[in-house]
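In what follows, residues are counted from 1 in the order of the sequence shown. This is a predicted model, so every value here is computed, not measured.
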Amino acid sequence: MAAKKRKNASKKSQSQASSTTSGTQENKSQSSDSKKSTKEKKTQELDEKVIQSKITVAKGMHFAPTFLLLTIIACSGFMTVMAYRDMFGTGKVVFGQADAAMLHFTGSTKWFDDSRGWKSSQGGFSAIAKQTTDENNMGGFFVRKAAGAAALGFHLQKLVPFILQGENAHWGKGHFEPLLWTGVLGNLALAGYYVTALEDFKASEGADVMGFRIAACLIVEAVVMVGFLIASLLGSSRSKSKSKTKGVKLPPGKGPSSMVSKIAARTVAIVSGLIGLIAGRDFFFSGQELPFPPRDDIYLEWTGAFIHSPPPNTLEADEYGLEAPLHVGDKFISRLLALYLLLTCFQKFVAGFVVRVGNDNSGIIKCKMFWQVQSVADALLLFVVRVFAPAALSASLDVRWHTMCLGYELFILGLYAWY
């Protein structure tokens with residue numbers, strides 16, 4: 001009996017020992033599983049953090065800084081609204097009494113009529129007459145419409161690429177730099193022109209206030225642009241992006257220093273070169289007749305250049321010399337049109353001759369930013385010239401060559417910009 005009891009006790013002790021060992025093994029397996037799960041969670045959290053950091057870096061490389069974007073929207077948006085008004089609703093007051101004084105100074109209110117409500121022309125294209133007379137002054141009307149179209153082209157060049165940013169256009173890779181540098185130079189030129197005319201603005205009470213607002217808006221935008229340009233040049237993101245794009249394949253027959261499109265450059269040299277030459281004459285030597293453009297004297301007479309800027313020692317000076325100071329507003333808007341045309345031609349030359357293919361093949365991206373908006377600007381200017389063609393023809397000014405040249409440049413720039 002005692003031997004049986006000893007056997008049963010030994011069996012119980014063995015079973016208890018096996019149960020304890022199995023329990024410890026289960027505890028060890030549970031602890032190891034928990035450690036694995038915690039490690040997996042930590043690795044997942046680290047992966048998520050890495051992904052989020054990469055996303056934020058990618059966004060910083062792609063999108064323009066928010067403050068710069070808001071500044072361009074505010075300043076260029078303000079100028080775009082005024083340019084749109086000058087083109088599609090000449091003479092309409094938009095920004096209060098100061099704006100009305102500026103319109104009175106430039107004489108743009110002459111073509112604005114809202115006496116019939118929504119049936120009135122209100123300075124739109126329906127106010128264009130087919131016959132030019134001394135009363136309707138279609139040449140002066142053309143100058144104001146064309147100035148609005150040229151101003152739209154210049155200010156949209158700054159606004160559209162930032163609002164409708166393309167997938168391949170990256171801020172961190174310097175794709176916006178040529179656009180911003182041309183915008184800075186253009187803003188400073190326009191602001192300088194308005195500042196020099198502040199004394200003339202005082203002829204119309206309140207016009208100097210509007211002129212100061214426009215100049216301040218342009219200068220503020222230029223200063224902000226310069227600040228972000230310097231920051232992007234000094235930043236380290238550019239060097240990192242350049243080191244990653246060493247093996248980019250360039251187009252066949254192109255090198256890093258090659259022009260993006262020789263056809264577009266030649267077209268710009270021919271068409272915009274002629275436009276820039278005539279616009280330079282209108283800005284720096286108003287009223288001076290050039291020998292080679294056909295019927296240049298009729299163009300100067302139709303647009304009123306002989307009245308507000310009669311050349312010295314000519315019949316026009318004897319006839320209009322005494323009353324020329326009374327038309328200082330007409331001279332201002334005529335020179336403003338010439339300045340906007342010079343700035344748009346300058347941007348076209350930068351895209352055609354200054355921007356190169358580059359080591360990372362970014363030249364086509366930079367040029368398309370210019371060409372897409374410039375094709376729209378050419379279309380607006382071509383539309384204005386075309387609708388005024390009957391009125392110009394009634395004054396013996398044939399603008400068929402002007403429309404054909406603008407149409408050809410529009411076709412080439414649009415072809416390379418959108419296809």
Under 6.0 Å from the [atom1] atom of [X], do we count more than 12 heavy atoms belonging to anything else shown?
X	atom1	answer
F411	CZ	no
K254	NZ	yes
F125	CZ	yes
E301	CD	no
D318	CG	yes
E205	CD	no

If you measure from [atom1] on [X] to [atom2] on [Y], what distance do you get to the nearest 0.5 Å?
X	Y	atom1	atom2	result
Q157	T182	CD	OG1	6.5 Å
F370	L179	CZ	CG	5.0 Å
F176	M369	CZ	CE	4.0 Å
T403	D398	OG1	CG	8.0 Å
I214	M82	CD1	CE	3.5 Å
R386	L381	CZ	CG	14.0 Å

For the residue pair [X] and [Y], categorise the inter-ring angle as parallel (less than 30°), tilted (30 to 60°) or perpendicular (more than 60°).
X	Y	answer
Y193	F332	parallel
F388	F141	perpendicular
W171	F162	tilted

Taking all non-hydrogen atoms of both residues into account, name the closest pair between [X] and [Y] and its distance.
X	Y	answer
S261	W371	CB-CH2, 3.9 Å
A377	G153	CB-CA, 3.6 Å
A279	A338	O-CB, 3.2 Å
A150	L341	CB-CD2, 4.0 Å
A100	V93	CB-CG2, 3.7 Å
P311	A317	O-CB, 3.1 Å

Do [X] side-chain atoms and [Y] backbone N/O form a donor-acceptor pair below 3.5 Å?
X	Y	result
T109	H104	no
T133	N136	yes
E289	I298	no
S334	D330	no
T106	L103	yes
Y340	A146	no
R144	D86	no
S394	T132	yes
S76	I73	no
S272	A269	no

* **Passing option when C367 is tested against V354, V260, V357 for side-chain contact (heavy atoms from CB on, under 4.5 Å)** =>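 When V354, V260, V357 are each tested with C367, the side-chain contact (heavy atoms from CB on, under 4.5 Å) holds only for V260.
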* **Evaluation steps, side chain to side chain donor-acceptor pair (under 3.5 Å), between N168 and K368** => CA-CA 11 Å; N168 298 327; K368 279 192 173 183; over 6 Å; no
* Asked: So, for F201 and F212, is the gap between ring centers shorter than 6.0 Å?
  ->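 Between F201 and F212, the centre distance exceeds or equals 6.0 Å.
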Within the structure provided, determine whether [X] and [Y] are in side-chain contact (heavy-atom separation under 4.5 Å).
X	Y	answer
L180	F228	no
K158	M225	yes
L190	L336	yes
V384	L380	no
L300	Q288	no
R281	D296	yes
V328	H308	no
W111	M138	yes

* To do: Apply the test side chain to side chain contact (heavy atoms under 4.5 Å, CB included) to residues K249 and N361: give CA-CA distance (whole Å), side-chain angles for both, the deciding distance (0.1 Å), then the verdict.
  => CA-CA 8 Å; K249 185 178 180 181; N361 196 23; over 6 Å; no
What residues form a salt bridge (Lys or Arg N to Asp or Glu O under 4.0 Å) with [X], not counting sequence neighbours?
X	value
D99	R85
R356	none
R335	none

* Asked: Going through the distances and angles, do L218 and L188 end up as a side chain to side chain contact (heavy atoms under 4.5 Å, CB included)?
  -> CA-CA 7 Å; L218 293 168; L188 293 178; over 6 Å; no
* Asked: Any Lys/Arg nitrogen of D200 or K331 sitting under 4.0 Å from an Asp/Glu carboxylate oxygen of the other?
  ->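 Salt bridge flag = no for K331 with D200.
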* To do: Please step through side chain to side chain contact (heavy atoms under 4.5 Å, CB included) for the pair L152 and F88, ending with a clear verdict.
  => CA-CA 11 Å; L152 264 179; F88 293 97; 4.2 Å; yes
* Trace of the side chain to side chain contact (heavy atoms under 4.5 Å, CB included) decision for V143 with W302 -> CA-CA 10 Å; V143 169; W302 185 59; over 6 Å; no
